[in-house]
Amino acid sequence: MSKISVIVPCYNSTKVLNTLVHETMQVFQDRGVTDYEFVLVNDCSPHRESVKILECLAEQYPFVKIIDLAKNTGQANAQLTALRYAQGNIIINMDDDMQTHPKNIPLLLDKLEEGYDLVMGIYPEKKHSLFRNFLSRAEIVFASIVLHKPRGIQFTSFWVTRDYIRDCVIEYTHPYAFMEGLFIRATDNIACVDVEHFKRQEGTSGYNLIKLIKLWSNFTNFTVLPLRIAGVMGILSSVIGFICMLVMAISKILNPQAVIEGYTSLLCIMLLFFGIILIFMGIMGEYIGRIFMCINSAPQQVVKRTINVEPKEDTRA
């Protein structure tokens, strides 16, 4: 029987994490799964109580691995860290707040057994605020356009995949990880299954608009579409400018006494196109900056310590 690894990025995790581990263990017991492990990554939680909870779980269960990061790196990098330590043939990713509930795990595993490489648990109804739901829908449209996401596929933080997809994904060792981009370039054999989305039992989400925009900006590591759009808009602007110049020149030739007016509209047009130019210069600067960071070997994360991990597994990216 396949070994299952449950990976959980943790940040300021509360005692609900105990419930998550215990209820997941019960789900595995009911399903007849005996070979499993948990890989819990502490993404440099500032609250000492969170670290104590993780340490207690590792002390109680030898199959609970703790990876303690020296610096907060974000959810995607924490997931990649967990994937590097996960030894299962099947890997399940869950949040640490019980919104991705263990009782839905069998639905994902059953779908995976149909022959898929990756299965996403999607939520017909999310227990988020209207603003957060709006951002989630915007992200779906964004990923479809920019990353050429397969039609009908949604990405969430509740997924199950196979070890060969894991092996491909963890080859990415640069900063600015983006799980959607990594999965899309690894496989098209993706499925979604409807699951219930539960209310957060404790605490509040750490994602706000600024953090979500920062996360979305990581798509630049996986597509050059914005640069191509900039090139196309540059060509269109040049063509429009050339046509306008010809129109004014012909008008002046046909009527030498004509006075070309419209300085206000000309100024508005100049401001518009200069603004577009500056936006795309910023996008190109973002690409160049990230290339520099990758060449400069900026660490994806730094592992401070591990618990219940054999020394030979303890590697850094």
Side-chain angles (χ1 to χ4, degrees), residues 1-10 17-41 57-58 60-67 75-76 78-96 98 100-122 150 153-172 177 179-180 182-196 306-315 317:
M1 183 177 294
S2 299
K3 180 176 182 177
I4 298 179
S5 295
V6 179
I7 66 174
V8 184
C10 304
L17 190 59
N18 287 288
T19 305
L20 171 67
V21 171
H22 293 145
E23 292 199 14
T24 302
M25 291 169 58
Q26 184 62 50
V27 168
F28 288 154
Q29 181 179 342
D30 295 341
R31 195 177 175 88
V33 177
T34 57
D35 192 7
Y36 56 85
E37 65 176 3
F38 291 83
V39 184
L40 311 181
V41 178
L57 282 170
Q60 186 177 3
Y61 302 110
F63 51 82
V64 174
K65 299 178 179 179
I66 306 299
I67 316 299
Q75 187 179 37
Q79 288 175 352
L80 283 175
T81 302
L83 287 172
R84 292 191 174 94
Y85 286 88
Q87 295 183 312
N89 307 106
I90 295 174
I91 302 96
I92 302 171
N93 183 80
M94 303 179 69
D95 292 335
D96 63 347
M98 289 291 286
T100 53
H101 203 280
K103 80 171 193 177
N104 289 318
I105 289 177
L107 296 175
L108 272 67
L109 292 176
D110 290 342
K111 194 68 176 179
L112 188 74
E113 290 176 358
E114 294 180 15
Y116 292 101
D117 297 330
L118 172 68
V119 176
M120 292 284 170
I122 62 174
I153 297 299
Q154 297 181 28
F155 284 90
T156 68
S157 58
F158 191 21
W159 47 260
V160 55
T161 190
R162 300 184 184 275
D163 52 0
Y164 51 84
I165 299 298
R166 181 268 318 276
D167 294 341
C168 175
V169 167
I170 63 176
E171 289 181 1
Y172 182 84
M179 294 306 296
E180 292 185 24
L182 290 169
F183 281 138
I184 288 174
R185 76 179 188 180
T187 181
D188 289 327
N189 189 24
I190 306 172
C192 293
V193 60
D194 289 346
V195 298
E196 183 179 357
T306 61
I307 304 176
N308 290 342
V309 176
E310 298 178 8
K312 65 179 181 180
E313 299 177 48
D314 193 0
T315 59

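Keep in mind that the numbers below use all heavy atoms, side chains included, and drop hydrogens, waters and symmetry copies.
- Here the closest heavy-atom approach between residue I122 and residue Q154 is recorded as CG2-CB, 3.7 Å.
- At least one side-chain heavy atom of L109 sits less than 4.5 Å from a side-chain heavy atom of I4.
- Of the possible polar contacts, one joining the N189 side chain to the G115 backbone as a donor-acceptor pair under 3.5 Å is found.
- With respect to E23 and K103, no salt bridge is recorded, no charged nitrogen being found less than 4.0 Å from a carboxylate O.
- V41 places none of its side-chain heavy atoms less than 4.5 Å from the side chain of V8.
- Separating the OG1 atom in T187 from the CG atom in D117 is a distance of 3.5 Å, to the nearest 0.5 Å.
- You'll find the side chain of L40 stays beyond 4.5 Å of the side chain of K65, heavy atoms only.
- In summary, the side chains of D163 and Q87 do not present any donor paired with an acceptor at a separation below 3.5 Å, with no hydrogens or angles considered.
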**OP:** Show the numbers, then the answer: is there a side chain to side chain contact (heavy atoms under 4.5 Å, CB included) between T24 and M94?
**Re:** CA-CA 10 Å; T24 302; M94 303 179 69; 4.2 Å; yes
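- At distances below 3.5 Å, not a single donor-acceptor pair connects side-chain atoms of R166 with backbone N or O atoms of R84.
- In this structure, the side chains of I105 and F158 come closer than 4.5 Å at one or more pairs of heavy atoms.
- The NE2 atom of H101 sits 8.5 Å away from atom OG1 of T19, with the distance rounded to the nearest 0.5 Å.
- Using a 4.5 Å heavy-atom cutoff, the side chains of V193 and L108 are in contact.
- In this structure, L80 and A177 approach most closely via the heavy-atom pair CD1-CB, 3.4 Å.
- One finds the CD atom of Q79 at 7.5 Å from the OG atom of S157 (value rounded to the nearest 0.5 Å).
- Nearest heavy atom pair, residue A78 against residue P9, reads CB-CB, 3.8 Å.
- Nearest heavy-atom pair across V39 and A86 is CG2-CA, 4.1 Å.
- The shortest distance between side-chain heavy atoms of T161 and Y116 does not fall below 4.5 Å.
- Taking the side chain as every heavy atom from C-beta outward, Y85 and I7 never approach each other to under 4.5 Å.
- Salt bridge status for R31 with E113: present, with a side-chain N to carboxylate O gap under 4.0 Å.
- Side chain to side chain, Y61 and N308 fail the donor-acceptor criterion of an N or O pair below 3.5 Å.
- Residues L17 and C10 come closest through the heavy atom pair CD2-SG, 4.0 Å.
- Under the 30°/60° scheme for interplanar angles, the aromatic rings of F63 and Y36 are found to stand perpendicular.
- Going from atom OG1 of T34 over to atom NZ of K3 covers 11.0 Å, rounded to the nearest 0.5 Å.
- Residues meeting the ring-ring contact (aromatic ring centres under 6.0 Å, His included) test with F183, sequence neighbours left out: W159.
- The shortest distance between side-chain heavy atoms of S5 and I92 does not fall below 4.5 Å.
- Contact detail for I170 and D167: the closest heavy-atom pair is CG1-O, 3.5 Å.
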**OP:** Give the intermediate values and the outcome of side chain to side chain contact (heavy atoms under 4.5 Å, CB included) for residues V169 and L83.
**Re:** CA-CA 9 Å; V169 167; L83 287 172; 4.1 Å; yes
